[in-house]
Asks: 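Once you've had a glance at the structure underneath, I'll fire off some questions.
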Amino acid sequence: MSDFITITPGEVKTSQLHGYLLGATSPRPIAFASTISADGTPNLAPFSFFNVFSSNPPMLIFSPARRVRNNTTKHTLSNVIAVPEVVVNVVSHSIVQQMNLASTEYPDGVNEFEKAGFTALKSDLVRPLRVAESPVQMECKVVEIKPLGNFGGAGQLIFAQVLKVHVNKNVLNEANMIDPHKIDLVGRMGGNFYARASGGAVFEVEKPLASLGIGIDALPDYIKNSDVLSGNDLGRLGNIDALPEKEAVQTWWANNGAAFEGKDVQLAAKQALAANQKDQALFLLMKPMLEA
């Protein structure tokens, strides 16, 4: 019996497929998009079909998709067609409830800044207003709008080139870069669920850019087939430059082996990996080399 169910687009309701797609593709960043109508009425709405796709030129894309239930379009889309400018504000945990309120489908002409209690700031280069409570605000010009279909649920991609970025100093670290714990962003998940990207939810993964890792396939079979080590553990070990020579393993065990006498070596290695002690984990795992 298979461990998977299979969903084929076109064979299930769009609303059901929508739920699977959003539940699986998450957490997603949120574009809290500020636009303005042709008559000058501000509009503010969040969109989680969003990301940054280029830094030169700096380009964001977000999608106010057609409503699944009745195939209507949103005020944000109408506004950027009339006035091709937008401010993309990021959403921190401190404003997530206000952001959610702004997603209410108020009638055309209602000012969501006022409804959700946000402070509007004048932008420098574009007409839409900025959200003062957002820690980062990006002023953009809309360079292209690409419809992906005419049915309910179809995306309407808005390509927005960043002209100016405003970053609150309170979210910066000592290097003047954004600190993930200070900015405390939230991401959209499926249904009513969100994720908070700070505290224990934030972790680092070393990029395999400095050197060419040996790969999991180059690890000894007893390591690859371990019942103790996880796929993540093996991935970290596969990112090493080379396996240590026997002499280096002998030296390490001569100096450190007493602390691991009688212990499960693979479990100790797993704990070392969790503590970011990759070298120690590797020497522990290579002990069978000394017995060969």
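Predicted, not measured: the structure shown is a model, and the values here were computed from it. Side chains are part of it too, since the values below use all heavy atoms of this structure and drop only hydrogens, waters and symmetry mates.
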Asks: How long is the straight-line distance from CD of Glu112 back to CG of Leu44, given to the nearest 0.5 Å?
Replies: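 Those atoms lie 6.5 Å apart.
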Asks: So, does Trp253 use its side chain to make a donor-acceptor pair with the main chain of Ala248 at under 3.5 Å?
Replies: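 Between the backbone of Ala248 and the side chain of Trp253 there is no qualifying donor-acceptor contact (under 3.5 Å).
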Asks: Do you know which two heavy atoms are closest between Arg28 and Ser48, and how far apart they sit?
Replies: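 Arg28 and Ser48 have their closest heavy atoms at NH2-OG, 2.9 Å.
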Asks: Test Asn79 against every option in Ser37, Pro42, Ser34 by the side chain to side chain contact (heavy atoms under 4.5 Å, CB included) rule and name the one that passes.
Replies: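 Going through Ser37, Pro42, Ser34 one by one, the side chain to side chain contact (heavy atoms under 4.5 Å, CB included) with Asn79 is satisfied by Ser37 alone.
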Asks: Within the supplied structure, the quantity of interest is the number of heavy atoms (other residues, nucleotides, ligands) at a distance under 6.0 Å from Lys141 NZ; does it exceed 12?
Replies: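 12 or below, so no.
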Asks: Can you list everything that forms a side chain to side chain contact (heavy atoms under 4.5 Å, CB included) with Leu125? Sequence neighbours excluded, please.
Replies: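 With neighbours one apart ignored, the set is Glu139, Leu163, Lys164.
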Asks: Grab the two heavy atoms, one from Asp184 and one from Ser198, that are nearest each other, plus how far apart they are.
Replies: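 Reported closest heavy-atom pair: OD1-OG, 2.6 Å.
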Asks: Identify whether Val12 and Ile5 are in the same connected component of the hydrophobic contact network (ILVMFWY, side-chain heavy atoms under 4.5 Å).
Replies: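 Val12 and Ile5: one cluster.
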Asks: Whether the side chain of Ser103 engages the backbone of Asn100 through a donor-acceptor N/O pair (distance < 3.5 Å, no angle test) should be reported.
Replies: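 Yes, because the side chain of Ser103 sits within donor-acceptor range (under 3.5 Å) of the backbone of Asn100.
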Asks: Would you name the heavy atoms of Ile178 and Asn173 that are closest together and state the gap between them?
Replies: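 So the minimum-distance heavy-atom pair works out to O-ND2, 4.5 Å.
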Asks: Do the side chain of Asn89 and the main chain of Val131 share a donor and acceptor less than 3.5 angstrom apart?
Replies: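 A pair under 3.5 Å: yes.
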Asks: Under the 3.5 angstrom rule, does the side chain of Asn225 hit a backbone N or O of Asp221 as a donor-acceptor pair?
Replies: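 Yes.
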Asks: Under a 3.5 Å distance rule, please check whether Glu85 uses its side chain to pair with a backbone N or O of Cys140 as donor and acceptor.
Replies: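 No.
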Asks: List in chain and number order the residues that pass side-chain hydrogen bond (donor to acceptor under 3.5 Å, both in side chains) with Arg67, two or more places apart in sequence or in another chain; answer none if no residue qualifies.
Replies: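 For Arg67 the side-chain hydrogen bond (donor to acceptor under 3.5 Å, both in side chains) partners, ignoring immediate neighbours, are Thr72, Glu105.
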Asks: Measure the shortest side-chain to side-chain distance between Leu172 and Lys182 over non-hydrogen atoms and say whether it is less than 4.5 angstrom.
Replies: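 Sidechains of Lys182 and Leu172: no contact.
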Asks: Taking the six-membered ring for Trp, are Phe118 and Phe32 closer than 6.0 Å centroid to centroid?
Replies: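 Ring-ring flag for Phe118/Phe32: true, centres closer than 6.0 Å.
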Asks: State, without any angle test, whether Ser94 and Glu133 hold a side-chain donor-acceptor pair at a distance under 3.5 Å.
Replies: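 Judged by distance alone, the side chains do not pair up.
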Asks: Keeping Ser55 on the side-chain end and Pro58 on the backbone end, is there a donor-acceptor pair under 3.5 Å?
Replies: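 Between the backbone of Pro58 and the side chain of Ser55 there is no qualifying donor-acceptor contact (under 3.5 Å).
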Asks: Minimum heavy-atom separation for Leu282 and Ile240, please, with both atom names.
Replies: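 Minimum heavy-atom separation between Leu282 and Ile240: CD2-CD1, 3.5 Å.
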Asks: Counting N and O atoms only, with roles assigned by atom type, does the side chain of Gln98 sit under 3.5 Å from a partner on the main chain of Gly117, one being a donor and the other an acceptor?
Replies: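 Side chain of Gln98 to backbone of Gly117, a donor-acceptor pair under 3.5 Å: yes, one is there.
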Asks: Can you spot which of Phe47, Phe50, Phe159, Phe53 makes a ring pair (Phe, Tyr, Trp, His ring centres under 6.0 Å) with Phe62?
Replies: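 For Phe62, the ring pair (Phe, Tyr, Trp, His ring centres under 6.0 Å) check succeeds only for Phe47.
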Asks: Hey, is the main chain of Leu229 close enough, under 3.5 Å, to the side chain of Ser226 for a donor-acceptor pair?
Replies: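 At least one qualifying donor-acceptor pair exists.
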Asks: Before you tell me yes or no, could you show the steps for His93 and Tyr194 under side chain to side chain contact (heavy atoms under 4.5 Å, CB included), namely the whole-Å CA-CA distance, both residues' side-chain angles and the distance that decides it to 0.1 Å?
Replies: CA-CA 10 Å; His93 186 264; Tyr194 288 78; over 6 Å; no
Asks: So which atom in Glu245 and which in Met289 form the shortest heavy-atom distance, rounded to 0.1 Å?
Replies: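 Where Glu245 meets Met289 most closely, the heavy atoms are C-SD, 4.1 Å.
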Asks: Does atom NZ of Lys224 have more than 12 heavy-atom neighbours, drawn from other residues, nucleotides or ligands, at distances under 6.0 Å?
Replies: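 Correct, the count exceeds 12.
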Asks: Return yes if some donor-acceptor pair links the side-chain N/O of Ser134 with the main-chain N/O of Val90 below 3.5 Å, else return no.
Replies: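 A pair under 3.5 Å: yes.
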Asks: Give me the atom names and distance for the closest heavy-atom approach of Ser92 to Ile183.
Replies: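 Ser92 and Ile183 have their closest heavy atoms at CB-O, 3.3 Å.
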Asks: Kindly say whether Gly191 contributes a backbone atom to a donor-acceptor pair with the side chain of Arg188 at under 3.5 angstrom?
Replies: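 Yes.
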Asks: Does any part of the side chain of Ile214, heavy atoms only, come nearer than 4.5 Å to the side chain of Leu243, both counted from C-beta?
Replies: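 Yes, close enough: below the 4.5 Å cut-off.
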Asks: List in chain and number order the residues that pass side chain to side chain contact (heavy atoms under 4.5 Å, CB included) with Tyr222, two or more places apart in sequence or in another chain; answer none if no residue qualifies.
Replies: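 Once residues adjacent in sequence are excluded, the partners of Tyr222 under the side chain to side chain contact (heavy atoms under 4.5 Å, CB included) criterion are Pro220, Gln266, Met286, Pro288.
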Asks: When you look at Val165 and Val136, which way does the side chain to side chain contact (heavy atoms under 4.5 Å, CB included) test go after all the steps?
Replies: CA-CA 7 Å; Val165 181; Val136 178; 3.9 Å; yes
